[in-house]
Amino acid sequence: MDIPEKFLQYRYHFGLAIVASLVLSILLYAAPRFLTILAYFWPLFASTTVFLVLIIAFGRVSQAELATDSYSHGAQAGEGILDYVAGQAEHTSEPQKYE
């Protein structure tokens, strides 16, 4: 086979490669630089970082507090809500009847 016959066999592949290269080069030329994007969004990045650090710090403090705190107080505080949600609310007094 000659070279022109091979070229004609893969002409769509070559055309697609050329078009893709042109589109990519135009996008790279027109796109803003990384430092420009970073300069625009740095307050968002900074506040997100501070927020995540605070979540991690408070999470560790809360876990340490729970380890030293007695279990009974936490269990008693949530039992009423859990019983109510489960539908097992205890009625300690009769409902008032208004006549």
Side-chain angles (χ1 to χ4, degrees):
M1 275 187 169
D2 292 320
I3 292 177
E5 291 174 5
K6 282 273 194 186
F7 182 74
L8 288 175
Q9 183 180 359
Y10 295 108
R11 66 180 175 261
Y12 296 115
H13 298 88
F14 284 122
L16 183 65
I18 290 171
V19 169
S21 298
L22 286 172
V23 168
L24 183 65
S25 64
I26 290 171
L27 286 177
L28 288 176
Y29 177 74
R33 303 289 176 245
F34 179 71
L35 289 177
T36 307
I37 295 171
L38 189 63
Y40 185 79
F41 286 110
W42 78 265
L44 178 65
F45 294 145
S47 64
T48 303
T49 304
V50 169
F51 183 69
L52 290 175
V53 167
L54 288 175
I55 287 175
I56 292 169
F58 282 123
R60 290 188 180 165
V61 168
S62 296
Q63 287 176 357
E65 246 180 47
L66 288 175
T68 58
D69 199 10
S70 66
Y71 173 73
S72 62
H73 176 7
Q76 289 174 354
E79 275 184 15
I81 295 172
L82 289 174
D83 289 341
Y84 178 76
V85 170
Q88 301 171 356
E90 296 179 14
H91 297 288
T92 56
S93 64
E94 291 293 322
Q96 294 180 353
K97 295 183 181 178
Y98 297 105
E99 294 178 10

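What you see below is based on every heavy atom in this structure, not just the backbone, and it leaves out hydrogens, waters and symmetry mates.
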| field | Among T48, V50, T49, side-chain contact (heavy atoms from CB on, under 4.5 Å) partner for L52 | value |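 Between L52 and the candidates, side-chain contact (heavy atoms from CB on, under 4.5 Å) is satisfied uniquely by T48.
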
| Who are the ring pair (Phe, Tyr, Trp, His ring centres under 6.0 Å) partners of F14, not counting sequence neighbours? |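 So F14 forms a ring pair (Phe, Tyr, Trp, His ring centres under 6.0 Å) with F7.
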
| Do the side chains of I37 and L44 join up, straight or via other hydrophobic residues, at under 4.5 Å, putting them in one cluster? |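 Shared cluster, yes.
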
| said: Measuring from atom CD1 of I55 to atom CZ of R60, what distance do you get when rounded to the nearest 0.5 angstrom? | reply: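 It comes to 13.0 Å.
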
| request: Write out all pairs satisfying ring-ring contact (aromatic ring centres under 6.0 Å, His included) with one or both partners inside residues 17-44, taking only residues at least two apart or from two chains. | output: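 Qualifying pairs, neighbours excluded: none.
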
| said: Determine whether a donor-acceptor pair (N or O, by modelled atom type, separation under 3.5 Å) exists between the side chain of S21 and the backbone of A17. | reply: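 It does hold such a pair.
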
